[in-house]
> 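Following this message is one structure expressed as structure tokens.
Keep in mind the model is a prediction, meaning the values are calculated, not measured.
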Amino acid sequence: MRRIILMVIRLLWKVPYYFYLIWKCGKDEKIGLEEAYARVKKVTKAANHAGRVKIETYGIENIPKQNGFMFFPNHQGLFDVLVFLDSCPVPFSFVIKKEASNIILLKQVVAALKAIPIDREDLRQSMQVISQVTQEVKKGRNFLIFAEGTRSGMGNKLLPFKGGTFKSAVKARCPIVPCALIDSFRPFDEKSIKPVTVKLIYLPPIYYEEYGEMKTTEIAEEVKSRIEKAIEKYENAKFTM
């Protein structure tokens, strides 16, 4: 909370403009996803800089050149999506839990990037989301889904990955891109405004030819394992972007 306040204070004179910039994307159908993403990315970078958060990114070259893929990162906190918005060079959308989709500004980002809220207590709605994501990915949109389903609350340690979160990828037969977030919990969860560095590692994609014969629970275990190995390797490492 303290860092969010710092972001707002340091950008106070720009907040109305930034808010309008993002809000407009969700209201004006003439604004395409690429332009909307560019606007959200601009605001995100400004906010992260104001909040004294540095994003170190590794493995950009692992992002598929052809659209229609899915990111599957570990989930550490509310700051996670901001890490991707700051670093990812290609537009993507995401699935977000229903209760979080109504938070001020995040609500406008959801509308701008055509993100999809999911009600985890409503099985029918959850199945509809899986179907919707599948169809959108087949059309060439990229999506981000947190396979843990909720924030781990354990720093850089992971909760079990849910097999069901991979159903859209399997049905769309799209590349799965495991992503390792390191220290992404620190900006918003720690009661500090000291400079902090968050790392994001884009791991090599797993293509349908590799996972097509696997059960979704097996895919979940494989993705989780790759992320854990990346965290172990890079958590205390120093590397250049």
> Side chain of Ser87, backbone of Thr57: donor and acceptor closer than 3.5 Å?
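Not confirmed, Ser87 side chain does not pair with Thr57 backbone.
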> Carefully, step by step, assess Ile116 and Ile96 under the rule side-chain contact (heavy atoms from CB on, under 4.5 Å).
CA-CA 6 Å; Ile116 303 176; Ile96 182 172; over 6 Å; no
> Under a 4.5 Å cut-off applied to non-hydrogen side-chain atoms, are Val15 and Trp13 in contact?
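No, their side chains stay 4.5 Å or more apart.
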> Are Val83 and Ile60 co-members of a hydrophobic cluster defined by side-chain heavy atoms under 4.5 Å apart?
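Yes; Val83 is reachable from Ile60 via cluster members.
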> Identify whether the distance between the nearest side-chain nitrogen and carboxylate oxygen of Arg226 and Glu210 falls below 4.0 Å.
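Between Glu210 and Arg226 there is a salt bridge, with a charged N closer than 4.0 Å to a carboxylate O.
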> Give me the one residue out of Ile227, Ile201, Asn62 that meets side-chain contact (heavy atoms from CB on, under 4.5 Å) with Pro178.
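Filter result, single survivor: Ile227.
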> Could you verify whether a donor N or O on one side chain and an acceptor N or O on the other, from Thr44 and Asp86, lie under 3.5 Å apart?
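No - no donor-acceptor pair under 3.5 Å links their side chains.
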> Using modelled atom types only, decide if a donor and an acceptor are shared between the side chain of Lys199 and the backbone of Tyr234 within a distance under 3.5 Å.
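Looks like yes, one N/O pair under 3.5 Å.
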> Pairing donors with acceptors under 3.5 angstrom, does anything connect the side chains of Gln76 and Asp189?
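Checked: Gln76/Asp189 side chains show no N/O donor-acceptor pair below 3.5 Å.
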> Testing the basics here: between Ala230 and Ala180, what is the closest heavy-atom pair and its distance to 0.1 Å?
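Closest approach of Ala230 to Ala180: CB-CB, 3.8 Å.
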> Check Leu181 against Pro73 and note the closest heavy-atom contact, atom names and distance.
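Closest approach of Leu181 to Pro73, heavy atoms only: CD1-CB, 4.2 Å.
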> If you take all heavy atoms of Val129 and Pro117, which pair is closest and at what distance?
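Here Val129 and Pro117 meet closest at CG2-O, 3.8 Å.
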> Does the side-chain contact (heavy atoms from CB on, under 4.5 Å) test come out yes or no for Ile176 and Phe69, once each step is laid out?
CA-CA 6 Å; Ile176 290 172; Phe69 57 83; over 6 Å; no
> State, yes or no, whether a side-chain contact exists between Cys179 and Val177 at a heavy-atom distance under 4.5 Å.
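SC-SC contact between Cys179 and Val177 confirmed.
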> Report, as yes or no, whether the 6.0 Å neighbourhood of atom NZ on Lys114 holds more than 12 heavy atoms from other residues, nucleotides or ligands.
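Result for NZ/Lys114: enclosed.
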> Is the backbone of Lys194 close enough, under 3.5 Å, to the side chain of Arg52 for a donor and an acceptor to pair up by distance?
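Here the side-chain-to-backbone pair does not exist.
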> If Ile, Leu, Val, Met, Phe, Trp and Tyr residues are connected whenever their side-chain heavy atoms lie under 4.5 Å apart, and connections chain through other members, are Met7 and Tyr20 in the same group?
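Both belong to a single hydrophobic cluster.
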> Would a 4.5 Å heavy-atom cut-off, applied to side chains only, mark Phe94 and Val110 as touching?
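Phe94 reaches Val110 side chain to side chain.
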> If Ile, Leu, Val, Met, Phe, Trp and Tyr residues are connected whenever their side-chain heavy atoms lie under 4.5 Å apart, and connections chain through other members, are Leu33 and Leu106 in the same group?
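Result: yes, single cluster for both.
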> Given the side-chain rings of Tyr37 and Phe92, with only the six-membered ring counted for Trp, is the space between their centroids under 6.0 Å?
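When the ring centroids of Tyr37 and Phe92 are compared, they turn out to be within the sub-6.0 Å range.
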> Side-chain contact test, heavy atoms from C-beta onward, threshold under 4.5 Å: evaluate it for Lys24 versus Arg39 and give yes or no.
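Sidechains of Arg39 and Lys24: in contact.
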> Should the heavy atoms of other residues, nucleotides or ligands under 6.0 Å from OH of Tyr208 be counted, would the total exceed 12?
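Result for OH/Tyr208: enclosed.
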> Are Leu113 and Leu85 close enough that some pair of their side-chain heavy atoms sits under 4.5 Å apart?
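Side chain of Leu113 against side chain of Leu85, heavy atoms only: contact under 4.5 Å found.
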> Show the nearest heavy-atom pair for residues Asn156 and Glu235, with the distance to one decimal.
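Heavy atoms only, the tightest pair is ND2-OE2, 3.0 Å.
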> Measure the spacing between CG of Leu82 and CZ of Phe79 and express it to the nearest 0.5 Å.
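Atom-to-atom, Leu82:CG and Phe79:CZ are 5.0 Å apart.
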> What closest approach, in Å, do Ala112 and Val40 show between heavy atoms, and which atom pair accounts for it?
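The answer is CB-CG2, 4.2 Å.
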> Considering only heavy atoms from C-beta outward, does the side chain of Val198 approach that of Arg186 to under 4.5 Å?
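No - every pair of side-chain heavy atoms lies 4.5 Å or more apart.
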> Using a cut-off of 6.0 Å, state whether more than 12 heavy atoms not belonging to Glu232 lie near its atom CD.
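Not more than 12 within 6.0 Å, no.
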> Can you tell me if Asp119 and Gln125 form a side-chain donor-acceptor pair at under 3.5 Å?
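Short answer, no.
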> Answer yes or no: are there more than 12 heavy-atom neighbours, outside Arg10 itself, under 6.0 Å from its atom CZ?
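Correct, the count exceeds 12.
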> Decide whether Arg2 and Ser192 meet the rule of one side-chain donor and one side-chain acceptor closer than 3.5 Å.
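No pair is found: no donor N or O on one side chain lies under 3.5 Å from an acceptor on the other.
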> Kindly say whether the aromatic ring centers of Phe185 and Phe188 come within a distance under 6.0 Å.
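Ring centroids of Phe185 and Phe188 are no less than 6.0 Å from each other.
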> More than 12 heavy atoms of other residues, nucleotides or ligands under 6.0 Å from NZ of Lys41: yes or no?
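Atom NZ in Lys41 is packed in, count exceeds 12.
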> When you compare the side chain of Asn74 with that of Lys224, does any pair of heavy atoms fall below 4.5 Å?
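A side-chain contact is absent here, since even the closest heavy-atom pair is not under 4.5 Å.
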> Is there a donor-acceptor pair closer than 3.5 Å between any side-chain N or O of Asn142 and the backbone N or O of Met70?
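Side chain of Asn142 to backbone of Met70, a donor-acceptor pair under 3.5 Å: no, none is there.
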> CG/Leu200 to CG/Asp183 distance, rounded to the nearest 0.5 angstrom?
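CG of Asp183 is found 12.0 Å from CG of Leu200.
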> Do the side chains of Ile63 and Cys88 get nearer than 4.5 Å, heavy atoms only?
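Cys88 reaches Ile63 side chain to side chain.
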> Does Tyr211 form a side-chain contact (heavy atoms from CB on, under 4.5 Å) with Glu222? I'd like the steps, not just the answer.
CA-CA 9 Å; Tyr211 71 78; Glu222 178 63 24; over 6 Å; no
> Out of Phe84, Phe146, Phe161, which one pairs with His75 under the ring-ring contact (aromatic ring centres under 6.0 Å, His included) rule?
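Checked Phe84, Phe146, Phe161 against His75; only one passes ring-ring contact (aromatic ring centres under 6.0 Å, His included): Phe146.
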> Please round to the nearest 0.5 Å and tell me the distance separating atom NZ of Lys54 and atom NE2 of His49.
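Spacing of NZ (Lys54) from NE2 (His49) equals 12.5 Å.
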> Atom OG1 in Thr165, atom CZ in Phe72: separation rounded to 0.5 Å?
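One gets 5.5 Å once the value is rounded to the nearest 0.5 Å.
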> Aromatic ring centroids of Phe71 and Tyr202 under 6.0 Å?
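Distance test on ring centres: under 6.0 Å, yes.
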> Does Leu159 belong to the same Ile/Leu/Val/Met/Phe/Trp/Tyr cluster as Leu78, with side-chain heavy atoms less than 4.5 Å apart forming each link?
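In one cluster: no.
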> Got a donor-acceptor contact below 3.5 angstrom from the Glu35 side chain to the Gly32 backbone?
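No; zero donor-acceptor contacts below 3.5 Å.
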> Going hydrophobic residue to hydrophobic residue with side-chain gaps under 4.5 angstrom, can you get from Tyr17 over to Leu11?
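Shared cluster, yes.
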> Check whether more than 12 heavy atoms from other residues, nucleotides or ligands sit under 6.0 Å from atom CD of Glu213, and answer yes or no.
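No, not enclosed.
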> What are the two closest heavy atoms between Gly68 and Pro175, and how far apart are they?
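Looking at all heavy atoms of both residues, the shortest contact is O-CD, 3.5 Å.
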> Can you measure from CD (Gln108) to NZ (Lys27) and round to the nearest 0.5 angstrom?
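Those atoms lie 8.5 Å apart.
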> Give the intermediate values and the outcome of side-chain contact (heavy atoms from CB on, under 4.5 Å) for residues Asn67 and Arg141.
CA-CA 6 Å; Asn67 288 324; Arg141 285 181 64 189; over 6 Å; no
> Roughly how far apart are Glu221 CD and Met214 CE, rounded to 0.5 Å?
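Answer rounded to 0.5 Å: 9.5 Å.
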